[in-house]
Amino acid sequence: MSTELTTCLWFPGNASEAAEFYAGVFPDVRIEGQDEYPQAADDAGAGTAGEVMTVSFSIGAQRFVGLNGGPGFPFTEAISFQIPCADQAETDRYWKALTADGGEESQCGWCKDRFGVSWQVVPTRLTELVSDPDKDRAGRAMQAMFTMRKIDIAEIERAAAG
């Protein structure tokens with residue numbers, strides 16, 4: 001028996017908008033459906049009958065449910081999603097898309113999209129360099145990364161080379 005996990009993302013009321021946004025950012029998104037709050041939800045204060053309660057979508061093999069749960073639980077950097085990038089062009093494309101229209105840059109390849117979800121846009125070359133068996137080389141790459149917002153692969157390589 002295999003275990004399949006689905007990540008539930010709690011949105012203040014814009015889960016459908018977020019799923020559509022991710023469909024424009026990632027090449028392999030499937031929006032699988034949505035459910036509405038039932039009439040009984042009004043009585044419990046959980047939502048308004050007829051409004052979208054959840055939207056199910058996948059990014060690649062990762063399944064998500066966007067829950068329109070209200071403003072009670074905003075996203076934090078304590079949870080983030082890593083995007084392994086093959087090269088600088090892919091890194092740049094994801095960074096630009098995720099930080100557009102109200103997204104925020106952070107440090108060391110981390111950013112937030114306009115919904116507040118945290119992402120790590122990580123070139124695979126960065127991972128190779130900071131894991132180099134030569135500890136001095138790895139340390140120089142790490143120190144260079146600490147000075148960056150979006151990762152610049154060429155600059156990390158120059159720093160690693162000394």
Side-chain angles (χ1 to χ4, degrees), residues 4-32 34 52 54-162:
E4 292 183 24
L5 301 178
T6 299
T7 301
C8 181
L9 299 173
W10 181 297
F11 290 92
N14 53 2
S16 295
E17 180 185 346
E20 290 293 334
F21 171 75
Y22 300 135
V25 171
F26 297 95
D28 51 353
V29 174
R30 290 180 322 281
I31 299 176
E32 297 153 355
Q34 60 186 31
V52 174
T54 62
V55 58
S56 298
F57 62 98
S58 298
I59 301 174
Q62 179 61 50
R63 299 189 66 215
F64 294 89
V65 170
L67 169 66
N68 285 324
F73 297 102
F75 295 110
T76 75
E77 293 83 357
I79 299 290
S80 62
F81 297 97
Q82 288 186 347
I83 307 168
C85 298
D87 55 27
Q88 191 67 53
E90 188 175 36
T91 300
D92 293 348
R93 186 181 72 72
Y94 280 121
W95 190 265
K96 182 179 178 182
L98 291 168
T99 59
D101 301 322
E104 298 175 23
E105 294 185 356
S106 188
Q107 294 295 119
C108 305
W110 289 56
C111 64
K112 287 183 186 179
D113 64 32
R114 67 182 188 224
F115 303 98
V117 177
S118 292
W119 300 88
Q120 296 178 51
V121 184
V122 183
T124 54
R125 185 67 178 132
L126 171 66
T127 304
E128 293 167 1
L129 289 168
V130 298
S131 302
D132 194 295
D134 179 334
K135 298 300 180 194
D136 290 334
R137 184 172 161 84
R140 289 190 301 269
M142 181 78 72
Q143 288 304 310
M145 179 196 69
F146 287 150
T147 69
M148 298 178 183
R149 290 185 179 273
K150 178 182 71 176
I151 302 301
D152 179 330
I153 299 169
E155 184 58 33
I156 297 276
E157 288 177 332
R158 279 191 290 278

I59 backbone acceptor or donor facing D28 side chain under 3.5 Å: no

Could you note down all residue pairs passing ring pair (Phe, Tyr, Trp, His ring centres under 6.0 Å) where residues 130-162 supplies at least one of them, sequence neighbours left out? none

V25: side-chain contact (heavy atoms from CB on, under 4.5 Å) partners, not counting sequence neighbours: F21, Y94, A97, L98

Are any of the side-chain heavy atoms of C108 and M148 separated by less than 4.5 Å? no

Holding to side-chain hydrogen bond (donor to acceptor under 3.5 Å, both in side chains), I want the full list of residues that pass it with R137, two or more places apart in sequence or in another chain. D132

Is the shortest side-chain heavy-atom distance between T127 and V122 below 4.5 Å? yes

Which residues pass the side-chain contact (heavy atoms from CB on, under 4.5 Å) test with A100, not counting sequence neighbours? none

Would you be so kind as to tabulate the donor-acceptor pairs closer than 3.5 Å made by side chains of residues 150-162, with sequence neighbours excluded?
unit_1	atom_1	unit_2	atom_2	d
K150	NZ	D92	OD1	3.0
D152	OD1	A154	N	3.1
D152	OD1	E155	N	3.0
E155	OE1	R158	NE	3.3
E155	OE1	R158	NH2	3.0
E157	OE2	R125	NE	2.8

Report the distance from atom CZ of F64 to atom CD of E32, rounding to the nearest 0.5 Å. 11.0 Å

Between side-chain atoms of residues 72-87 and protein atoms elsewhere (two or more places apart, or another chain), which donor-acceptor pairs fall under 3.5 Å?
unit_1	atom_1	unit_2	atom_2	d
T76	OG1	A78	N	3.1
E77	OE2	K112	NZ	2.8
S80	OG	Q120	NE2	2.7
Q82	NE2	Q120	OE1	3.2
D87	OD1	A89	N	3.3
D87	OD1	E90	N	2.8

Quick one: closest heavy-atom pair of N68 and G13, and the distance? OD1-C, 2.9 Å

Side chain to side chain contact (heavy atoms under 4.5 Å, CB included) assessment of C111 paired with V121: CA-CA 8 Å; C111 64; V121 184; 4.2 Å; yes

Looking only at heavy atoms, the pair that brings L67 and C8 closest together is CB-SG, 4.0 Å

Output every pair passing side chain to side chain donor-acceptor pair (under 3.5 Å) with a member in residues 139-149, not counting sequence neighbours, ordered by first then second residue. none

Qualifying side chain to side chain donor-acceptor pair (under 3.5 Å) pairs with a residue from residues 12-22, counting only residues at least two apart or across chains: S16-Q34, Y22-D113

Check against side chain to side chain contact (heavy atoms under 4.5 Å, CB included), T7 and R63: CA-CA 6 Å; T7 301; R63 299 189 66 215; over 6 Å; no

Between F26 and W119, what is the ring plane arrangement, given parallel below 30°, perpendicular above 60°, and tilted in between? tilted

Residue pair V55, V65: steps toward the side chain to side chain contact (heavy atoms under 4.5 Å, CB included) verdict: CA-CA 6 Å; V55 58; V65 170; over 6 Å; no

Restricting to side-chain hydrogen bond (donor to acceptor under 3.5 Å, both in side chains), what partner residues turn up for T124, sequence neighbours left out? none

Is there any side chain to side chain donor-acceptor pair (under 3.5 Å) pair reaching into residues 96-105, and which pairs are they, with sequence neighbours excluded? W95-E105

